[in-house]
Amino acid sequence: MQFQFDSLASFFTMNGHGPYVWASYGMAVLVLVVLAVTPVFRQRKLRRELQQQLRQEEARRRAAAARSASQRTAEAVE
């Protein structure tokens with residue numbers, strides 16, 4: 001097996017085509033990383049929002065239960 005280029009520098013320049021080739025590889029890697037990472041961040045955000053909604057709902061239930069208990073106590077006293 002023989003290496004196609006004389007040196008490492010000529011490998012990176014690729015007879016003048018290097019900047020285009022390496023920029024294309026860089027963009028492809030960047031897109032793949034974004035596609036892999038975006039769902040993870042979206043899932044974390046959705047989980048945080050769901051936890052917040054559950055806490056708010058639980059607080060509303062407790063407040064409603066406390067109100068109904070105090071109304072029953074007030075009615076029992078009268």
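Ring-plane geometry between F12 and W22 is classed as tilted, the angle between the planes lying from 30 to 60 degrees on a 0 to 90 degree scale.
Considering all non-hydrogen atoms of both residues, R67 and R60 come closest at NH2-O, 4.5 Å. Taking both residues in full, the closest heavy atoms of G16 and P19 are given as O-CD, 3.8 Å, listed atom of the first, atom of the second, then distance.
By the criterion of side-chain heavy atoms lying less than 4.5 angstrom apart, applied directly or through intervening Ile, Leu, Val, Met, Phe, Trp or Tyr residues, Y25 is grouped together with L8 in one hydrophobic cluster. Hydrophobic clustering (ILVMFWY, side-chain heavy atoms < 4.5 Å, transitive): V37 and V29 are in one cluster.
With rounding to the nearest 0.5 angstrom, the CZ atom of R48 is 11.0 Å from the CD atom of Q51. With rounding to the nearest 0.5 Å, the separation of CZ in R62 from CD in E58 is 4.5 Å.
With hydrogens and angles ignored, the 3.5 Å screen pairs a side-chain donor or acceptor of S68 with a backbone N or O of A65.
Side-chain contact between L50 and L46 is absent, with no heavy atoms from C-beta onward closer than 4.5 Å.
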